[in-house]
Amino acid sequence: MKERILKLCRRLKSCTLDDLIQLTETDKETISLNILYLGQEGLIQTKNELIIINHTKMPKDDIANKNLNLMFQYRTPEEADIILKSFCLGIPPQKLCHLINVKEKCTCDYYCIFRKLIYERQFKGLLNLFFEKPQIGRYRKFYEKYAYFYIYNNQVYVSDKLLKHTKVEKNFNKTAIREFKKVYSYLTRVESHNINENYMYFRLAECIWRRNKSFEELFNDLKFNLLNTF
């Protein structure tokens, strides 16, 4: 249903909630939830009750325009393995560039793409959980930016935006509050060592991903689940 609504929005250029209900012959609540979902993903936006496609362009030099498969084509299997292991071991890109004889900018790009994949996967999981069981997000400030946190099954998720739902959103229970405090304390310590705020949400998601995992767990997840290309 979500993809169908997105295709309709693209075809119509602009439409209303009533338009989508009529064209899809679907109930209002289902359409509203899918519109919220697409809005949270940044694919559509609503202006004066009109639903339009979000055509916001990323900067030309943004990491979103990097092609990871193409980047790895220029690396040998041994070099690719070193890149993945270095990221999982927390070896700084400034040191990794000497191990595979490339520019520091290149190794930084690899690391940023890995973080982006980690953030996107956990955000997709968060949306699925949120729309099933809406929850009031907690926010904290890092580098004068707000990050929003949610907890499901004792797992912390981070978002760059506050999620909204048509149903009543529940607050954290005591167990979730304790886990959130632990993770926030951990993130505060980690972020205090970073020198800038670039891609802050990607880094926060990475820190949560790393927490309480062994090198083997991180490496296998990165190589076989997040990348799934080797």
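Nothing fancy with the numbering, it's 1 onward along the sequence. Quick caveat: nothing in here was measured; it's all calculated off a predicted structure.
- Between E120 and K116, at least one side-chain N (NZ, or NE/NH1/NH2) sits under 4.0 Å from a carboxylate O, which counts as a salt bridge.
- Distance alone, capped at 3.5 Å, is enough to place a donor-acceptor pair between the E217 side chain and the S214 backbone.
- Atoms CG and NZ, on L36 and K164 in that order, are 10.5 Å from each other to the nearest 0.5 Å.
- Atoms CD1 and CZ, from I5 and R10 in turn, are 13.0 Å apart once rounded to the nearest 0.5 Å.
- Scanning for side-chain hydrogen bond (donor to acceptor under 3.5 Å, both in side chains) contacts around R121 gives D221, with sequence neighbours left out.
- Listed here is the closest heavy atom pair of I118 and W209: CD1-CE3, 3.4 Å.
- If you look at F149 and F180, their ring centroids are closer than 6.0 Å.
- In this structure, L20 and T24 approach most closely via the heavy-atom pair O-OG1, 2.5 Å.
- Under a cut-off of 6.0 angstrom, the local environment of NZ in K213 is crowded, with over 12 non-hydrogen atoms contributed by other residues, nucleotides or ligands.
- Ring geometry for F131 against H165 counts as tilted: the plane angle lies between 30° and 60°, on a 0 to 90° scale.
- In terms of modelled atom types and a separation under 3.5 Å, the side chain of T188 and the main chain of Y184 share a donor-acceptor contact.
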Inset, instruction - Report the C-alpha distance between E169 and F130 in whole Å, list the side-chain angles of each, state the deciding distance to 0.1 Å, and finish with yes or no for side chain to side chain contact (heavy atoms under 4.5 Å, CB included). - result: CA-CA 9 Å; E169 298 162 2; F130 179 81; 3.9 Å; yes
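- Distance check, rounded to the nearest 0.5 Å: CD1 of I35 to NZ of K28 gives 10.0 Å.
- Across all their heavy atoms, I31 and M1 have their closest contact at CD1-SD, 4.3 Å.
- One finds the NZ atom of K181 at 11.0 Å from the OG atom of S185 (value rounded to the nearest 0.5 Å).
- The heavy-atom pair separating C106 from M71 by the smallest distance is O-CE, 4.3 Å.
- By the 6.0 Å contact criterion, NZ on K124 is open, its count of non-hydrogen atoms from other residues, nucleotides or ligands being 12 or less.
- Of all the heavy atoms in L38 and L6, the pair that sits closest is CD1-N, 4.1 Å.
- Think of Y74 as one node in a network of Ile, Leu, Val, Met, Phe, Trp and Tyr side chains linked at under 4.5 Å; its network also takes in L70.
- Taking CD from E3 and CG from N34, the interatomic distance works out to 10.0 Å, rounded to the nearest 0.5 Å.
- A salt bridge between E206 and R210 is present, with a side-chain N of the basic residue lying under 4.0 Å from a carboxylate O of the acidic one.
- Side-chain heavy atoms closer than 4.5 Å link hydrophobic residues (I, L, V, M, F, W, Y) into clusters, and following such links, even through other members, never connects L17 to I52.
- Between F202 and Y199, the ring planes lie parallel to each other; the angle is under 30°, not in the 30° to 60° tilted range.
- Residues L127 and L163 meet the side-chain proximity criterion, which asks for heavy atoms closer than 4.5 Å.
- Between I208 and V156 the shortest heavy-atom distance is CG2-O, 3.5 Å.
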Inset, instruction - Verify side chain to side chain contact (heavy atoms under 4.5 Å, CB included) between I44 and I53, making sure each step is shown before the conclusion. - result: CA-CA 4 Å; I44 63 172; I53 292 293; 4.0 Å; yes
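- When side chains are defined from C-beta on, L8 does not count as touching D19, because their heavy atoms never get closer than 4.5 Å.
- Residue L50 belongs to no hydrophobic cluster, having no ILVMFWY side-chain heavy atom closer than 4.5 Å to its own.
- Considering SG of C15 and CG of L23, their distance stands at 8.0 Å, rounded to 0.5 Å.
- For residues 150-162, the set of pairs meeting the side-chain hydrogen bond (donor to acceptor under 3.5 Å, both in side chains) definition, not counting sequence neighbours, comprises Y119-D160.
- The closest side-chain heavy-atom distance from L218 to F215 is not below 4.5 Å.
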Please list every donor-acceptor pair under 3.5 Å in which a side-chain atom of residues 76-97 meets a protein atom from a residue at least two apart or in another chain.
unit_1: T76; atom_1: OG1; unit_2: E78; atom_2: OE1; d: 3.4
unit_1: T76; atom_1: OG1; unit_2: E79; atom_2: N; d: 3.1
unit_1: E79; atom_1: OE1; unit_2: R75; atom_2: NE; d: 3.2
unit_1: E79; atom_1: OE1; unit_2: T76; atom_2: N; d: 3.0
unit_1: D81; atom_1: OD2; unit_2: K85; atom_2: NZ; d: 3.0
unit_1: S86; atom_1: OG; unit_2: I82; atom_2: O; d: 2.7

Which atom pairs, one a donor and one an acceptor, fall under 3.5 Å between side chains of residues 133-141 and the rest of the protein, sequence neighbours left out?
unit_1: Q135; atom_1: OE1; unit_2: I151; atom_2: N; d: 2.8
unit_1: Q135; atom_1: NE2; unit_2: I151; atom_2: O; d: 2.7

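- By the rule that hydrophobic residues join a cluster once side-chain heavy atoms approach within less than 4.5 Å of another member, L226 and F219 end up as members of one cluster.
- Counted within 6.0 Å of CG on N173, heavy atoms from surrounding residues, nucleotides or ligands total more than 12; the atom is thus considered enclosed.
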